[in-house]
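Okay, structure first, notes after.
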Amino acid sequence: MFKPVNSKLNVTEMEDAVLKMWKKREIFKKTLDQREGAPEYVFYEGPPTANGRPGVHHVLARAFKDMFPRYKIMRGYRVSRRGGWDTHGLPVEIEVEKKLGFNNKQQIEEYGVAKFNEMCKDSVFTYIKDWEKLTDRIAFWVDLETAYVTYTNDYIESVWWILKNFWEKDLLFKGYKIVPYCPRCGTPLSSHEVSLGYEDTSDPSVFVRFPLADSPDTYFLVWTTTPWTLPSNVAIAAHPDVDYVTVERKNEGVTEKLILAKSLVEKVFRGEEVKIMDSFKGKKLKGAKYSPLYTFLPLEKSAHYVVLGDFVTVEDGTGLVHQSPAYGADDMEMAKQNDLPVLLTVQPDGTFIPEITPWRGVFVKDADPLIIQELQARGLMFRAEQYTHSYPFCWRCHTPLLYYARESWFVRTSEKREELTRLNKTINWVPEHIKDGRFGRWLENNVDWALSRERYWGTPLPVWECANDSCKHRECVGSVAELSEKAGRDLSELDLHRPYVDEISWKCEKCGDEMNRVKDLIDVWFDSGSMPYAQWHYPFENQEQFKAQYPADYICEAVDQTRGWFYSLHAISTLLNDQVSFKNVICLGLILDGEGRKMSKSAGNIVNPWDVLDAHGADAFRWYLYTATPPGQERRFSSDLVGEVIRSFTLTLWNVYSFFVTYANLDNPQALTVTAPANDLDRWLLSELNVLVRDVTKAYDEYDVTNATRPIEKFVETLSTWYVRRSRRRFWKNDSGSDKQSAYSTLYTALVTVAKLLAPAMPFLAEELYQNLVRSADETAPESIHLAAWPQVMDEFIDESLNREMAAVMKLVSLGHAARQKANRKVRQPLAEAAFSVGNPAERAALLKNADIVQDELNVKRVRLLDAAGEAVSHTVKPLPKQLGQKYGNQFPAIQKAIFALDAEAAAATLLSGKPLEVQVGGETFQILSDEAEVKTHAKEGFAVAEDGAYVAALVTALTPELIAEGLAREFVRRVQDLRKSADLDVADRIELFVEASANLKAALEAHADYVQAETLTTRLSFEAPPADASVVEDAFEGEKVKVGLRKTNK
RNA sequence: GGGCUUGUAGCUCAGUUGGUUAGAGCACUGUGCUGAUAACGCAGGGGUCACAGGUUCGAAUCCUGUCAAGCCCA
């Protein structure tokens, strides 16, 4: 006996019960214990931060993270899934600053870094309970008890070890980074802050002559909007593939030559007649020397020559770009590539340094007109104007921002660009375009990783520097032991955070001065990217675990992680081990609200995941996320869309399940294993089922979530609306024959298999079905569906031609219904005959073989094939463009026309007999083969016919008195069934019927008494007045009147 | 400004190497069926395949450009 199943499903109650069962029996733990020694499938959890509440986008990621480990467990793998928490970084600091009412770093320093960091640490897990609750409720199986935490000393020590490794390979260095900087506030701004402050503003637009070193009266013509950066000029950039020209013109009586991009000549000279002397590609200019405009500062490296860069455009200016590495990011990048000097001319307050003698102490923006005047005086200014463009201002104080070089630490990732790209090519990206697109491009254009942050709460950069300016000896520390040794005391109890680690110092081995830690922290992305190592405190501990858990088979995050975790994992692994750290990755699209807008607090359109979970449960939530859109696409989301899953999918499956259990409990069928069923419906269902197993398994193996889920939906629909619908009577039969057994076994197999296929995606529903269908009958079966084995494809059950035939039968039934509707003949009225036309002999056979199904479904007495001569139909011939177009190319339109001009019936007959059709086009004869044109069948006027392509259904609509009587009986049965239902009878209850009916109806009921009694489980049918204790209904239909009384009996 | 992605019915999505009249589900309307069903069947309305060019006998599909949205970078 199975546990009785209510056809009304309460999803949340069911899920709660399953959650309790999992917890009580420790099923998650058992997925590990029972797979001890099995091959490892490695999953890495990208650590979230727990200082904010989890939202729907977290449910999205966690749903996708969960399904593959579940699948792999069922495939026999061992999957340890360790959780993790990202705990450092600016967002944490900002929360604490808010709490303290701070808005700058000085306030933090005054408050005390120790106290500040203590608060950061405390706030990190503010919402940990929310996270745990949600993770549990959505059934994301991850081990949070042993989760790694990035702020622990062990974790930091592993990160230090990685940095030391980079240091030793000379991959860690100090350089300059260009940051948007507010000279009044004295602080760099984050990109978010910068985007707050863009405004249209008027700046100088100047064209400057740079004299060539060895050609008199010849100049590079260079355009800039920041004259104040000219004193720090070190080079001019040209595009290697752009055409440049030398033009000749008169300037105050002297003939001068100017070099600029060819396409900009007209724009620059504004119609002035100039003579083009010479034309060449930009790459020819490479290395050309010019005389510097200013020589205020000494040069450590060679400078003042032309360099080549792809970033140069010819939209504005002259195609020659002035290079000032300290004050432009492109410029800094060029300086690195070409080993140019970096000239620092501006002080932190935005004024020129004393060495810039003419303008010392002047704010740079105020110096612009002075510099322009000075260049005009020297005859180097070609043109100076004003120019309006969008420029960032400080959102706090409205000062124009400067792009400003700050000292910063870098990881030399650009040196490993090729390795990064090569290894990336071996990763399976879903969706695929990320590999060579977004991520691949990013790697190809890789610049050194700006690692350091001038903040407080994070992993300190383990670099110590000698205080003596002329020594500047630096050391990188790779472990606590090493630090202890250098400091000369045991530091194993030291908190590795600031300010404690800052207090550690020792004597410089070079000069004896004091070695102090540089004050920087490192980028939090370096923390999370180190997790393959640091989660194990590798290499200080757990070397074996690390080996077994590296690299990951699977990771999954949203697309915004391309430059975040995906990159940091990949970069660190490449630089450290020259190996990938993940083999498969699903990159999720972002989640939008129901209107397609981004969810944001300010728009007030955030969906609370708990609202969805409380209303529809976790399975439907998950299922929606898997099936609604391919993973990489952004998706609209609303609670209502999730509710749709319950209606269209969950309940359909649940009702098939409930149907099975209800009747199985009445019948107690014996064996529920399938062998070789004789019934076509069973054979067909098992064939479709195994196709499903095959396809879903393949999709899981390819990380194709859409195709691992959507086909199940389709199958369940067909299971419900065709298999069960057409098999219902087989379960009602009173005997216990083999056909009934076969039906039970088949349906049982389908349900259990579907539950297993569903388990990784809908873990609750799958478990509920499994516990009742499998565990209640077999205590030796695995304790949970999530410990059970994944279904095997049984190829011997797959019969593709059977599947096609059944599809044709369904199609014909559908046309039969359409024909009935056209003829205005309701289904309850039996008709004498339905005749069909089909596409090929196999389908003809299939129709005849399944005639009983078709008869029953359409309520007709006979099913037959339409004769080719076409009693009810006519034909046309439709040329098939695909075949004919490919074969005859541009002759196709003429051939098509010729085919249409033929006598349609004759042409159709030719093709149907398998002979080629001959057409004449312009004196040429073409042979049209039978697979190059389609014969279409059409209804003749006046017949009850429905058609679609080669398929036709035609009904004989004439009614005989016998058919009418049978129709009346069926109408009557319908009334009785309704009465049974409203009297709240059980499906198996037997009844007595009392009927008072008008003459025709009474005659019909007498003629069909057996049918009526069998259908309604009536043990006694009497034409008497109903007794007082009977349920009674009166009705009239088809001109007949009836009064029916119904009474439950014990027989 | 650059890179990547997306744009098909009111909504959510399919649409294969270019090829028949661009499909499905939801929603809506009508109708039928029903002792598993919260369903289901049949039919109907609903489309400038974002827009404009181009290639081709033929374009939702390929190419170029434009527009819109999103993400990342500058």
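Chain letters run A, B, ... following the sequence lines, proteins first, then strands; residues in each count from 1. Quick caveat, the model's predicted, so the values are computed rather than measured.
Distance CD (A:Glu444) to C1' (B:G3): 11 Å, rounded to an integer number of Å. Here B:C71 presents its C1' atom at 19 Å from OH of A:Tyr567, a figure rounded to the nearest Å. Rounded to an integer number of Å, the gap from A:His616 NE2 to B:A38 P is 18 Å. For A:Leu590 and B:C71, the CG to P distance is 7 Å, given to the nearest whole Å. Note: CZ (A:Arg563) to C1' (B:C71) measures 9 Å, nearest angstrom. Put simply, NZ on A:Lys887 is 24 Å from P on B:U56, counting in whole angstrom units. One interatomic measurement links the two molecules: CD of A:Gln896 to C1' of B:U56, which rounds to 15 Å at whole-angstrom precision. Straight-line distance from the CD atom of A:Gln977 to the P atom of B:A36: 9 Å, rounded to whole Å.
Residue A:Leu9 is classed as a base contact, given a heavy-atom separation below 4.0 Å to a base. Contacts of A:Lys981 with the nucleic acid, taken as non-hydrogen atoms under 4.0 Å apart, include base atoms. A:Val724 comes within 4.0 angstrom of a base, heavy atoms only. At a threshold of 4.0 angstrom between heavy atoms, the contacts of A:Glu857 with the nucleic acid are absent. The residue A:Pro431 sits apart from the nucleic acid: no heavy atom pair falls under 4.0 Å. Across all strands shown, A:Arg825 has no heavy atoms under 4.0 Å from either base or sugar-phosphate atoms. At a threshold of 4.0 angstrom between heavy atoms, the contacts of A:Val813 with the nucleic acid are absent. The residue A:Ser814 sits close only to the backbone: its heavy atoms come under 4.0 Å of sugar-phosphate atoms, none of a base. Using a 4.0 Å heavy-atom distance criterion, A:Thr721 is classed as a sugar-phosphate-only contact.
The side chain of A:Asn890 contributes an N or O atom lying less than 4.0 Å from OP1 or OP2 of B:C57. Residue A:Arg728 has no polar side-chain atom (N or O) positioned under 4.0 Å from OP1 or OP2 of B:G35. Close to B:A36, at under 4.0 Å from its OP1 or OP2, lies a side-chain N or O of A:Tyr663. Residue A:Arg828 places at least one side-chain N or O closer than 4.0 Å to OP1 or OP2 of B:U34.
Along RNA chain B, the nucleotide nearest A:Leu651 and the nucleotide nearest A:Lys878 are compared for position; the residue whose nucleotide lies closer to the 5' end is A:Lys878. Between A:Ile434 and A:Leu815, the one whose closest nucleotide on RNA chain B sits nearer the 5' end is A:Ile434.
Nucleotides B:A14 and B:A9 are separated by 13 Å at their P atoms, to the nearest Å. When the C1' atom is compared between B:C73 and B:G18, the two are found 36 Å apart, to the nearest whole Å. For the C1' atoms, the distance from B:G70 to B:C28 is 32 Å, rounded to whole Å. Nucleotides B:U21 and B:U17 have their C1' atoms positioned 22 Å apart, rounded to a whole Å. Comparing B:A24 with B:G65, their P atoms sit 36 Å apart, to the nearest whole Å. Distance check on atom C1': B:U5 versus B:C11 gives 22 Å, rounded to whole Å. When the C1' atom is used for both B:C40 and B:C4, the distance is 44 Å, rounded to whole Å. Separating the P atom of B:C33 from that of B:C42 is a span of 15 Å, rounded to the nearest Å.
Comparing B:U20, B:G70, B:G32 by their closest approach to the side chain of A:Arg438 singles out B:G70. Of the candidate nucleotides B:C42, B:U5, B:C26, B:C26 has the atom lying nearest to any side-chain atom of A:Glu644.
Judged by distance alone, the side chains of A:Asn424 and A:Trp429 do bring a donor and an acceptor atom under 3.5 Å apart. Between A:Trp722 and A:Glu717, the side chains place no donor N or O within less than 3.5 Å of an acceptor N or O (distance only, hydrogens not considered).
Under the salt bridge (Lys or Arg N to Asp or Glu O under 4.0 Å) criterion, A:Lys811 pairs with A:Asp948, not counting sequence neighbours. Judged as a ring-ring contact (aromatic ring centres under 6.0 Å, His included), and not counting sequence neighbours, A:Tyr403 has no contacts. Annotation: salt bridge (Lys or Arg N to Asp or Glu O under 4.0 Å) contacts of A:Glu857 (sequence neighbours excluded): A:Arg725, A:Arg726.
A salt bridge between A:Glu1015 and A:Arg729 is present, with a side-chain N of the basic residue lying under 4.0 Å from a carboxylate O of the acidic one. Between A:Glu444 and A:Arg417 no salt bridge is recorded (no basic side-chain N to carboxylate O distance below 4.0 Å). Between A:Glu971 and A:Arg975 there is a salt bridge, since a side-chain N of the basic residue sits under 4.0 Å from a carboxylate O of the acidic one.
For A:Asn824, the CG atom sits in a loose shell: 12 or fewer heavy atoms of surrounding residues, nucleotides or ligands are nearer than 6.0 Å.
A donor and an acceptor atom never sit less than 3.5 Å apart when one is taken from the side chain of A:Arg974 and the other from the base of B:C33. Below the 3.5 angstrom threshold, one finds a donor paired with an acceptor across the side chain of A:Ser720 and the base of B:A36.
Sorted by first then second residue, the salt bridge (Lys or Arg N to Asp or Glu O under 4.0 Å) pairs that include residues 642-660 of chain A, not counting sequence neighbours, are A:Glu644-A:Arg647.
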Distances under 3.5 Å only, N/O to N/O: pair up the protein atoms with those of nucleotides 59-65 of chain B.
none

- request: Could you summarise the pairing of RNA chain B as dot-bracket text, marking Watson-Crick and G-U pairs under 3.5 Å with ( ) or [ ] inside the strand and | across strands?
  value: (((((((..((((.....[...)))).(((((.......))))).....(((((..]....)))))))))))).
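For A:Phe439 and A:His570, the ring centers sit closer than 6.0 Å to each other.
Between A:Tyr567 and A:Val447, the closest heavy-atom pair is OH-O, 4.5 Å.
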